[in-house]
Number of protein chains: 2
Amino acid sequence: MAKSKFERLPGFRDFPPEELGAIKHIFDAWRTVSNRYGFTEYGGPPLELLDLYVEKSGPEIVNQLYNFADKGQREVSLRPEMTPSLARILAGRHRAMPKPIRWFSIPQLFRYERQQKGRLREHFQWNVDIVGEEGVNADAEVLAVGLDGLRELGLTHKDIVARVSDRKLMAEMFLVVGVLPEFISQVFSIIDKMERAKVDHSMDRLCSEANLKREIAEKIWEICHENELENFQKEFKKHKPVIERLENLDRYMETLNAMGLGSYVEFDAKIVRGLAYYTGIVFEIFDRDGALRAICGGGRYDHLLELVGGDSIPAVGFGMGDVVIGELLSIKNLNRTESDKVDIFIVILEENQRPLALKMAHQKRAEGLSVLYSLKSDSLRKQLEMASKAGAHQAIILAPKELEKNLILVKDLQNGEQEEVRLDEFI
Amino acid sequence: MAKSKFERLPGFRDFPPEELGAIKHIFDAWRTVSNRYGFTEYGGPPLELLDLYVEKSGPEIVNQLYNFADKGQREVSLRPEMTPSLARILAGRHRAMPKPIRWFSIPQLFRYERQQKGRLREHFQWNVDIVGEEGVNADAEVLAVGLDGLRELGLTHKDIVARVSDRKLMAEMFLVVGVLPEFISQVFSIIDKMERAKVDHSMDRLCSEANLKREIAEKIWEICHENELENFQKEFKKHKPVIERLENLDRYMETLNAMGLGSYVEFDAKIVRGLAYYTGIVFEIFDRDGALRAICGGGRYDHLLELVGGDSIPAVGFGMGDVVIGELLSIKNLNRTESDKVDIFIVILEENQRPLALKMAHQKRAEGLSVLYSLKSDSLRKQLEMASKAGAHQAIILAPKELEKNLILVKDLQNGEQEEVRLDEFI
């Protein structure tokens, strides 16, 4: 087969109609559910100043970016995530807006990283954020949106689970057991890698990198593997900051229960999210079988707007990529393609009937129907074949003898039935 | 106002909901009309190998690109147009596809160029192409799609006009009047700039750059300003290649007439399109008042797939940007924002009713309605204010006294009417 001499870049996808249809099916679910929850869509530029990302994530992020100097000598980058753009956009306008702000977006994001299953160099990500509300109801609302976005695609609590924790709760407990405040974030980043690392390796790191005695490291290990919040309640009952966070997390769980989503949510102390900017409850959504990477990650981040130079304002949100979902939908046989339907195929048997066909086509299209016809002279058989390949519902046959009697033939392409219809009734 | 310390890049746009709504209104019209004509949507990567664009447009294009070397030392560029990606994608797969291929796309495109009105450094462009059909019916079909996309937005023949010409017709006439074949494309590129240049300047360029005698240059000027095809028919009646192209152009016009679009189409010999790859009928759509840049440009290009290394296959298509249309819609007071509606706002008067509210909300959302409620404890007045700001149709008030009698209050926020409804009838 003759192929182009130009290859697609590695890690990027083409979207011929059938594949675009599959991704549109996912986007449709995301948009539908966002609207049900009263979120409105926004967008931003795919290219931003490099510093916007360095400010949020530190200079090491640059290794993973599509960054370059533009022709005006500006250091710029394709966006690796949407939240910095959101923070930049809101910093200039949120004061004039009623709170809370409920915004969502479906940007394409870019990272230059080693390719692996479920990780390309681009993907689309559903971003949902509530800005300007600090209470736990906003946290629950955001997770509910994410879960319903997946339920809309046909996934159930048998397929997916949200694993939830609270960085503030964990931090308070770590302080009680003897971690120094300045090492808390280091402990988080070791826990974040814990599930994929060997036990000994994590313990060694806790001792050396977070400056902990072996017994404190072991206590942290224990805390991270405790699944019952009640046990924390007993163990830390004298420590008010811990108890307050436990009550907060209880309200969160109760809220999700009241929404009927309880069976989707589990406490998992190990979910702390690697990124330093999360400040409260955090969550990740996984497939129950654990076959795939996380489907979604999010949580509360109350200082991000400040970081880009704006006001201090609370925020909670998540990002959900299209690639892992696509894999999960395939496994569960739930992938669909939104295909565009063709209503009518007009069969032209003699070229002098083409003007009539064009008039009919344009009229039916103006009525909102999808209409096709052959662009060149073809046999009846060939044209009916084209109609069927295009998935048309109906063929309108302009046959010379019938047209003399002011009749057209209407053929139902599903059941093959054919009837004569008066032309002047049709147009 | 506290603004972010990070500015948006010059020439790029943010899309807060009201502005995204305006652009979605345009996209919706484009998608609706594409579907009516039986076109299916495809997509491609925003980043491609730089050579893909250099091959099509020559090395001078690089000055206008967002190009760079990626971390794998590949010379890459943000896409300045979609057609090279289309050619690349089709080169590898078109043989297995029924012809003609009817594809459309709405990519965001990027050019590093001096900013001016109606020209940013990014825009969205509706690309519509028919590939695999060489007949003039395909040419007419493509222009009809473009015109209907604009009509769908409320524009009429009083607002817009398609100016149409045929590069092959023009080339044949130029050969007759004495232009050497090797200078034809040079003549086209001078004509393309003619409308914006002084007469003398264009004449001088024709003489010097296209190696023409003054009288031939004048003849070309005359041809370019002839509006009546019949006059060409008389003048070139002995030149069969010219007459054939005139007949072809006639069929094109007749086809558009049969579709009821005749009032939108005018012959204009000066429309030759700057780009060398067009091979037949070409067109541009303008606002009738001539206040703005071209809204749309397109035509037949029969060799592009070959150029990227694929088979030789005929093609016709257009690109229509969102920016000039947005300006025209504003001038004509036709700009709209697709705003998402909120159906129900649930008013919670006591926090112990929140679980009931959440259950109701989740149920109504599952039924497809858009439902909001306050995420924190607020007064009735404040909550009704939020409901009205969100544009909700209905407020459901959970009032303690009524709830005891199993009743809720349903308030119509348009007319203010309020009625009691049995709770068990509502959920």
Side-chain angles (χ1 to χ4, degrees), chain A residues 1-6 8-9 12 14-17 20 35-36 38 40-49 51-52 66 68 70-71 76 88-89 91-92 95 98 100 112 133 135 137-138 141 255 258-260 308-311 340 342 355 358-359 362 365 369-372 375-376 389-390, chain B residues 1-6 8-9 12 14-17 20 35-36 38 40-49 51-52 66 68 70-71 76 88-89 91-92 95 98 100 112 133 135 137-138 141 255 258-260 308-311 340 342 355 358-359 362 365 369-372 375-376 389-390:
Chain A
M1 171 178 295
K3 272 183 60 181
S4 171
K5 57 188 163 181
F6 301 101
R8 182 175 70 232
L9 287 171
F12 283 76
D14 288 329
F15 296 99
L20 193 77
N35 291 338
R36 279 187 206 155
T40 50
E41 189 166 357
Y42 72 98
L47 202 68
E48 293 266 15
L49 285 172
D51 280 346
L52 184 64
Y66 276 96
F68 60 100
D70 77 7
K71 292 195 161 64
V76 298
R88 178 183 61 66
I89 294 170
R95 286 191 196 174
Y112 194 93
E133 173 52 49
N137 292 323
E141 183 95 340
T255 304
M259 288 174 150
V308 303
D311 299 322
D340 302 319
V342 171
L358 292 171
K359 188 181 164 197
H362 207 253
R365 283 166 176 165
L369 297 179
S370 171
V371 184
L372 277 179
L375 295 168
K376 60 172 195 275
K389 270 188 190 159
Chain B
M1 171 179 292
K3 273 184 59 182
S4 171
K5 56 188 163 183
F6 301 101
R8 183 174 69 231
L9 288 171
F12 284 77
D14 288 329
F15 296 98
L20 192 76
N35 290 337
R36 279 187 207 154
T40 51
E41 189 167 356
Y42 71 99
L47 202 67
E48 293 265 17
L49 284 171
D51 280 346
L52 184 63
Y66 276 95
F68 60 99
D70 77 6
K71 292 193 161 65
V76 296
R88 179 182 59 67
I89 295 170
R95 288 193 194 175
Y112 195 93
E133 174 51 51
N137 291 323
E141 182 95 339
T255 305
M259 288 173 150
V308 303
D311 298 322
D340 302 320
V342 171
L358 293 170
K359 187 183 163 194
H362 207 253
R365 284 167 175 165
L369 298 178
S370 172
V371 184
L372 276 179
L375 294 169
K376 60 172 194 277
K389 270 187 191 161

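Below, chain A is the first sequence line, B the second, and so on; all start at residue 1.
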Minimum heavy-atom distance between Leu52(A) and Phe6(B), given as atom pair plus value: CD1-CD1, 3.5 Å
Main-chain N/O of Leu369(A) paired with Arg36(B) side-chain donor or acceptor, under 3.5 Å: no
Aromatic ring pairing Tyr66(B)/Phe68(A), orientation class (parallel under 30°, perpendicular over 60°, tilted between): perpendicular
Smallest separation among heavy atoms of Leu372(B) and Gly38(A), with atom names: CD2-CA, 4.0 Å
Interface moiety of Leu358(B) toward chain A, non-hydrogen atoms closer than 4.5 Å: both
Contact leader toward chain A among Val371(B), Asp51(B), Leu20(B), Leu375(B), where contacts are heavy-atom pairs under 4.5 Å: Leu375(B)
Region of Glu141(B) that comes under 4.5 Å of a non-hydrogen atom in chain A: side chain
Main-chain N/O of Asn35(B) paired with Ser370(A) side-chain donor or acceptor, under 3.5 Å: yes
Largest heavy-atom contact set with chain B, pairs under 4.5 Å, which of Asp70(A), Leu47(A), Val76(A), Thr255(A): Leu47(A)
Lys389(B): side-chain hydrogen bond (donor to acceptor under 3.5 Å, both in side chains) partners, not counting sequence neighbours: none
side-chain contact (heavy atoms from CB on, under 4.5 Å) between Lys376(A) and Glu133(B), intermediate numbers included: CA-CA 8 Å; Lys376(A) 60 172 195 275; Glu133(B) 174 51 51; 3.5 Å; yes
Region of Ala390(B) that comes under 4.5 Å of a non-hydrogen atom in chain A: neither
For Asp14(B), all residues meeting side chain to side chain contact (heavy atoms under 4.5 Å, CB included), sequence neighbours excluded: Pro45(A), Arg88(A), Ile89(A), Arg8(B), Pro16(B)
For chain A, the option from Glu41(B), Met259(B), Arg365(B) that forms the most heavy-atom pairs under 4.5 Å: Arg365(B)
